[in-house]
Amino acid sequence: MNSKFDDKNIYNFWESNGYFNADVKSQKPTYSLLMPPPNLTGELHLGHAMQHSVLDAIARFKRLQGFNVLLLPGVDHAGIQFESTFDKKIAREKLSKQKLGRDKWLEEAWKFKDEVYKSVSHTWRFLGISADWSREVFTLDEGPRRAVYFQFKTFWDKGLIYKGPYIVQWCPKDNTAIENVELEYEERKEKLYFLKYGPLTLATARPETKFGDTAMAVNPNDKRYKDYVGREFEIETLAGKKKMQVIADSAVDPKFGTGVIKVTPGHDFTDYEIGKRHNLPIVTVVDKHGKLTEIAGKYAGMKVLEAREAMLSELKEKGILVKTEDYVHNVAVCERCKSVVEPLISEEWFVKVGDIAKEAIHVINADNIKFLPKNYKKILVEWLDSIHDWCISRSLWWGHRIPVWYPSAQDARSGKVANAKISLESPGKGWVQDEQVLDTWFSSGLWPMSTLGWPSGDKGAFDSDLAKFFPWDFEITAPEIKYLWIARMIMLSKYFVDDIPFKTMFFHGMLRDLEGRKFSKSLGNGIEPQYLIDNWGVDATRMALYTYAIPGRDGRVSRATLDERGKNFRNFGTKLRNVARYIIDLKQPATRDQRPVENGDDKKIIEDLEETVKKVTKNLESLELHLAVEEIYEFVWHKFADKYIESTKQRRADAQPTLEHVLKQVLILLHPFMPFLTEELYQKFEVKRESIMIEDWPITKI
RNA sequence: GGGUUCGUAGCUCAGCUGGUUAGAGCGUCUCGUUUACACCGAGAAGGUCAGAGGUUCGAGUCCUCUCGAACCCACCA
């Protein structure tokens, strides 16, 4: 080992000795942990640091216990998020998608990805993550690419994939359809407009979509309008007079506004459903850039809010606008870019997931997956129970391109699927590939399998990997992606390999600021892990993070509160270093050729140590890292240092064997949490193994 | 509207399946620089565990309600 004990040398020493690598041929029992791949859009944040520190602690603990451990690392291409980050970056360089074109853009995007990856990779090593880097995977690598293709092809062959017009949440800024789960809601103060439609008056928050109305609707039980149902009236519109029918649909809330609504199937989810039930035509008023279409006459080309403002006077003039009221409601915005999303009709690809979700519910109800906290079982089942078809296409460039090829450019433009071929590569000259890419989660959902080489075409090493390490013993994630990711992994694992993806699913809490807000770039309330590491060192930072690693419990933190814990554990590290100095560096050899004599204090500390070993082992097995940390802390500082070591000062030589024994055991117990310091101090022993990483976890008598 | 979680010392929080005088860190106060450590040691103050009721021999821990905080899901025409 290198004589200099700085963290970097220690890390290189571990890595070059191959301690991080899992062995497919090992006879030892296996323990596998799957790292949730961080998005390659920036540096790792505090949540990642906590997550990965937890993974590493468990991996190190299991190695010491004698398991053949696989901690598999990887990163995610994170479609929308990466693309918007990258587009912002090139915009600062006065470039754009249009200027670069798809091929050049992708080339530059990969360069950017490599840059970001460097910082992520550096932070991982800095944190001491003992992952098997030889198996690192990126979601756009060849392996996942084949897995994604296999998935698409299978769904296609089974008739589970379809393309069709569908009302989607459209983000005009990112220029793509997004899923409900990618939305946020913001409370807005707007107006409710009361408009005269023939004999009826109705309330709407969106008068600008008036051009797309194809009916009026009332609740079937609403006596006030009973006589109007089924009749047709002539309506005054801004584009002349128009005939419109009154229909009855139970989706209408009689208590809202006047109890009458206008039905705009092209731009509202409820109206879309109503329209389907009553065979109403769909008229597109708002385009994908958030601007009004030609149908809006002189308002065409205006943005939604401009048009709304502009048309008011004409509505008033013509006597259509009866009155307005203040109206507070929630507006859906894009979680990534915060722009108001526009429900509109778009050609998208979908997967029918109903039956797959039902299977997943069975899997969850069979209780083979241990959820921490356990109430997430119920939460996931409820979501799966009310699942809708999965929109898997995104109008992006960054991601797995949809493996559908059209025989001609014309077919591609019109999206005519009839003669299309499913293929990873071009089927031949003249074939044109679908423009869209697949939803990021379409590849992330396969992560537990694709990282192990599934699906293997050649029955090579990959098969044995899957047999050896799947299902994963441990997975951890933030609760916010429980549906997007966790539910999908359960569904897809069941569907493709008929098994659970992981045995234990740990949902850690979210680290928030003192007001309880999420950390985000826009709020500027983030705290970088590097800040803590610079101040208190890696080991202390890890310890501080473990105190927050409680399933389902959010932690409210500020620089001050984190500094407090960081400082505390820095001090703890110093304490331990001094303990080792006293025991080993300042060792006092026995003056006489005598066997050391044990006394009651020695027995007591050994008993206390055994008790601590028992508790720490139990806490690690049950994944209560915060309790394990507390136990060791209490033992080392207050029992070992304050009491026992003080008591040995009069009988140093007699106590020496006990001092050394307890210290060595403590270092092993602490190694999963403070890997660097424990290795450094372990190297002081004369009799030792090559590294603390290949020590044995103390056996507990139960 | 449906669901989940939380409300414990000045602050940030632990407290597993209910069991003796409720814990930690930081902060505050007193004392102490004896050769592991002042990034230290010895000690102290500080809590009717949000409130009310219930189950129990016994509740911070279980149940009900009230008040307060946060988050998730759905809807928002």
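Atoms considered below: every heavy atom in the structure, side chains included; atoms not considered: hydrogens, waters and symmetry mates.
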By the 4.0 Å heavy-atom rule, please label [X] as base, sugar-phosphate, or nothing.
| X | answer |
| --- | --- |
| A:A203 | sugar-phosphate |
| A:Y633 | sugar-phosphate |
| A:R581 | sugar-phosphate |
| A:Y548 | sugar-phosphate |
| A:D554 | nothing |

What does [N] pair with, Watson-Crick or G-U, if both distances are under 3.5 Å?
| N | result |
| --- | --- |
| B:A36 | none |
| B:G1 | B:C73 |
| B:G41 | B:C31 |
| B:C11 | B:G25 |
| B:U64 | B:A52 |

Roughly how many Å apart are [M] and [N], using the [atom1] atom of each and rounding to a whole number?
| N | M | atom1 | result |
| --- | --- | --- | --- |
| B:U4 | B:A77 | C1' | 29 Å |
| B:C76 | B:U61 | C1' | 40 Å |
| B:G10 | B:A70 | P | 22 Å |
| B:U8 | B:G46 | C1' | 13 Å |
| B:G15 | B:G2 | P | 30 Å |
| B:A42 | B:U33 | C1' | 13 Å |
| B:G43 | B:C26 | P | 16 Å |
| B:U34 | B:G23 | P | 33 Å |

Quick one about [Y] and [X] (side-chain donor to acceptor, distance below 3.5 Å, no hydrogens or angles considered), yes or no?
| X | Y | result |
| --- | --- | --- |
| A:W536 | A:N568 | no |
| A:D608 | A:Y644 | no |
| A:Y633 | A:T547 | no |

Taking the cut-offs as 6.0 angstrom to the six-membered ring centre and 45 degrees off its axis, would you call A:R308 and A:Y193 a cation-pi pair?
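Checked: cation-pi criterion not met.
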Kindly confirm or rule out a cation-pi arrangement of A:K262 over A:Y197, judged by NZ or CZ under 6.0 Å from the six-membered ring centre and within 45° of its axis?
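Verdict for A:Y197: no cation-pi partner in A:K262.
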Distance check: side-chain N/O of [X] vs OP1/OP2 of [N], anything under 4.0 Å?
| X | N | value |
| --- | --- | --- |
| A:H638 | B:A24 | no |
| A:R553 | B:C6 | yes |
| A:K575 | B:G41 | yes |
| A:N568 | B:C39 | no |
| A:K615 | B:C16 | no |
| A:K378 | B:U4 | yes |

Look at the side chain of A:T293 and the backbone N and O of A:T284, then say whether any donor-acceptor pair between them is shorter than 3.5 Å.
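Looks like yes, one N/O pair under 3.5 Å.
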On RNA chain B, nearest-nucleotide positions of A:T204 versus A:R570: which is more 5'?
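That would be A:R570.
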A:E564 vs A:K262, nearer the 5' end of RNA chain B by closest nucleotide:
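Of the two residues, A:E564 wins.
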Go through the N and O atoms of the side chain of [X] and the base of [N], and report whether any donor-acceptor pair is under 3.5 Å.
| X | N | value |
| --- | --- | --- |
| A:K649 | B:A36 | yes |
| A:E646 | B:C37 | yes |
| A:E634 | B:A14 | no |

Between atom [atom1] in [X] and atom [atom2] in [N], what is the gap in whole Å?
| X | N | atom1 | atom2 | value |
| --- | --- | --- | --- | --- |
| A:D563 | B:C39 | CG | P | 16 Å |
| A:W383 | B:G2 | CH2 | P | 23 Å |
| A:I379 | B:C73 | CD1 | P | 11 Å |
| A:N578 | B:G41 | CG | P | 10 Å |
| A:E630 | B:G15 | CD | P | 8 Å |
| A:I645 | B:G41 | CD1 | C1' | 13 Å |
| A:L586 | B:C37 | CG | P | 8 Å |
| A:L511 | B:U12 | CG | P | 15 Å |

Compare the minimum distances between each of B:C26, B:C40, B:A77 and the side chain of A:K567, then state the nucleotide with the smallest one.
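Nearest to the side-chain atoms of A:K567, counting from C-beta on, is B:C26.
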Among B:A14, B:G41, B:A77, which is the nearest nucleotide to the side chain of A:I261?
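Comparing B:A14, B:G41, B:A77 against the side chain of A:I261, the answer is B:A77.
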Anything under 30° is parallel, anything over 60° is perpendicular, the rest tilted; go ahead and classify A:F233 against A:Y228.
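Correct class here is tilted.
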Students often mix this up, so state it plainly: with edges at 30° and 60°, are the rings of A:F371 and A:F507 parallel, tilted or perpendicular?
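Taking A:F507 first and then A:F371, their aromatic rings lie parallel (interplane angle under 30°).
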